[in-house]
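Counting starts at 1 for both ligands and their atoms, following the listed order. Hydrogens, waters and symmetry mates are skipped; everything else that's a heavy atom, side chains included, is used. All residue numbers refer to positions in the sequence shown, counting from 1.
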Amino acid sequence: MTAPLRVGIVGCGNVALNFHVPAYQAEPDRFTITALADPTPERLELGRSTTGLSPDQVHSDALALIARDDVDVVDVCTPQHLHRDLAVAAAAAGKHILCEKPLAAAPADAAAMVKAAEQAQVVLGVVHNYLFFPEIVAARTLIDDGAIGEVRTVTVDMLGVVDSPGAAGYRPQWRHDPAAAGGGVLMDMLHGVYLGEHLLGEPVERVSAYVDAATPGDAVEGLALCRLESSCRAALVNIGWGFGPGGIRINGSKGRIVLRYRDEGTIPWAPFESLSLTTEAGTEILDLPPGQELVPLVATALQATVADFADAVTTGRAPVAPGRAALHTLEATVAAYTSAALGESVGIPLPVDGPVHRRGVIGLAELDVPAASSVRASGLFGLAADSSSTDLPTDGS
Ligand SMILES: NC(=O)c1ccc[n+]([C@@H]2O[C@H](COP(=O)([O-])OP(=O)(O)OC[C@H]3O[C@@H](n4cnc5c(N)ncnc54)[C@H](O)[C@@H]3O)[C@@H](O)[C@H]2O)c1
């Protein structure tokens with residue numbers, strides 16, 4: 001048996017304490033949490049008491065954690081605009097990195113993280129945890145087994161997303177700040193983007209989208225309707241805060257797969273209900289374990305994510321969601337915002353010297369967004385409604 005991986009968790013917010021800590025603690029032979037970092041005193045103390053670490057194992061400065069000799073893995077659980085500097089510092093210190101999604105708020109930041117990890121020859125894995133949901137694994141296996149022939153279209157509806165605030169002691173509204181979050185509901189739930197691509201089975205090459213604010217005056221979108229095109233297939237990914245419907249449909253040349261959730265709701269808030277496979281032979285409902293409520297479902301998927309990451313570190317194989325794949329997912333997401341603002345489809349990869357690659361959604365202010373654009377008209381992402389000048393929101397909340 002090899003020694004447990006020694007994990008330092010950066011950011012003691014909701015996702016870290018509710019899901020990452022329990023996932024590591026569930027496998028003491030594979031992981032031991034040796035350090036925590038968070039500049040928010042009450043979150044750091046909550047993390048310390050939750051993990052039982054001693055005061056000398058917790059740090060207000062993440063760089064002190066990264067410098068520790070007893071940390072093999074840096075687990076980055078801060079909001080996404082902070083991921084780059086932490087991951088680049090961790091790579092420079094020779095630490096493997098597990099990073100929460102989205103990999104960064106801007107593609108250039110994500111690309112810098114990928115480059116730093118590759119240069120340092122450390123593993124960079126990203127928490128694309130919905131890939132481990134049992135019905136997603138079952139659907140992908142059916143596709144791989146040829147059950148529906150060639151995939152033609154995928155529809156991912158997640159229109160009933162719950163708008164959860166961030167940690168109270170930090171900045172509860174950071175998800176509504178385009179500079180911090182890199183977008184609104186679509187960026188927060190880019191799970192739908194990688195699920196769409198995963199089920200298509202081909203890399204997305206072009207994106208068209210419509211986005212809208214949930215409430216007039218919001219700085220980020222609360223609704224995003226996206227069409228992701230690969231070389232000869234397409235996924236429709238529809239994500240919104242509110243009460244809209246959820247569910248996933250995969251249409252193939254010889255059949256279809258439909259995933260349903262309670263009350264036609266949205267994963268992971270509505271538990272999985274059924275997977276039906278329809279072919280010329282008729283419709284069958286697959287025998288899968290009953291769907292779980294949100295907390296146990298995400299907890300199980302986080303355990304699978306950290307186990308996959310540990311295998312990647314110890315065997316040298318790539319994790320299920322390596323940094324480069326997560327960069328691609330982020331580019332597709334940022335391309336959706338660009339498409340919605342410009343009113344035209346956008347190819348990926350994005351030009352590396354362009355403003356949205358460099359700065360993400362706040363870079364839209366440097367593009368020639370038409371006066372008639374609904375994104376400009378609603379003042380999303382700091383775009384001024386009445387002229388080409390900009391009025392970016394402040395970073396504080
Ligand atoms: N994979 C998932 O299912 C999932 C679910 C929720 C959140 N997330 C992601 O996890 C990340 C964090 O989200 P959250 O909901 O936990 O946010 P949160 O607001 O609950 O917590 C953020 C924490 O980061 C800390 N922090 C801020 N700056 C820091 C720094 N420089 N060093 C260390 N810590 C710092 C804050 O003090 C706070 O405790 C985001 O990227 C989010 O998208 C992923």
Side-chain angles (χ1 to χ4, degrees), residues 8-21 23 35-48 50 58-66 74-90 98-106 109-110 113 125-133 158 161-177 180-195 220 266-269 294-306 309 320-321 326 329-330 333 360 395-397:
I9 300 178
V10 176
C12 299
N14 290 316
V15 81
L17 300 191
N18 295 340
F19 297 111
H20 287 239
V21 166
L36 300 173
D38 197 310
T40 307
E42 68 188 70
R43 295 304 304 185
L44 188 61
E45 175 51 24
L46 189 59
R48 196 201 61 72
T50 304
V58 304
H59 305 275
S60 56
D61 181 355
L63 294 181
L65 176 149
I66 289 167
V74 174
D75 181 0
V76 180
C77 292
T78 67
Q80 43 267 25
H81 66 306
L82 304 168
H83 290 177
R84 182 197 62 191
D85 289 354
L86 296 164
V88 168
L98 180 63
C99 185
E100 261 299 348
K101 57 49 59 177
L103 182 54
D109 288 350
M113 296 164 70
V126 185
V127 183
H128 283 183
N129 44 323
Y130 291 20
L131 293 174
F132 295 97
F133 288 174
M158 302 175 73
V161 170
V162 175
D163 182 8
S164 309
Y170 174 59
R171 294 176 52 198
Q173 289 304 309
W174 67 261
R175 284 186 173 80
H176 287 255
D177 176 353
V185 70
L186 176 66
M187 186 58 82
D188 192 38
M189 292 305 293
L190 96 174
H191 300 288
V193 175
Y194 67 69
L195 285 183
V220 296
T266 289
I267 56 167
W269 289 273
L294 180 137
V295 170
L297 173 67
V298 176
T300 307
L302 242 303
Q303 278 181 38
T305 303
V306 300
F309 180 77
V320 160
T329 301
L330 179 65
T333 307
D395 197 41
S397 60

Revision key, fill the gap. So CD of E45 and CG of L36: to nearest 0.5 Å the spacing works out to 10.5 Å
Practice item. List the steps and the verdict of side chain to side chain contact (heavy atoms under 4.5 Å, CB included) for E100 and H83. Key: CA-CA 8 Å; E100 261 299 348; H83 290 177; 4.3 Å; yes
Review point. In this structure, which one of I9, L44, T78, L65 forms a side chain to side chain contact (heavy atoms under 4.5 Å, CB included) with D38?
Key: L44
Check your understanding: Salt bridge between R175 and D188, side-chain N to carboxylate O under 4.0 Å?
Key -> yes
Check your understanding: Is there a donor-acceptor contact under 3.5 Å from the side chain of Q303 to the main chain of A23?
Key -> no
Check your understanding: Using the ring of each side chain (for Trp, its six-membered ring), is Y194 parallel, tilted or perpendicular to Y130, with breaks at 30° and 60°?
Key -> perpendicular
Point to revise | Close-range residues for ligand 1, whose non-hydrogen atoms fall below the 4.0 Å threshold | key: V10, G11, C12, G13, N14, V15, A37, D38, P39, T40, R43, C77, T78, P79, Q80, L82, H83, E100, K101, P102, V127, N129, G166, A167, Y170, W174, R175, H191
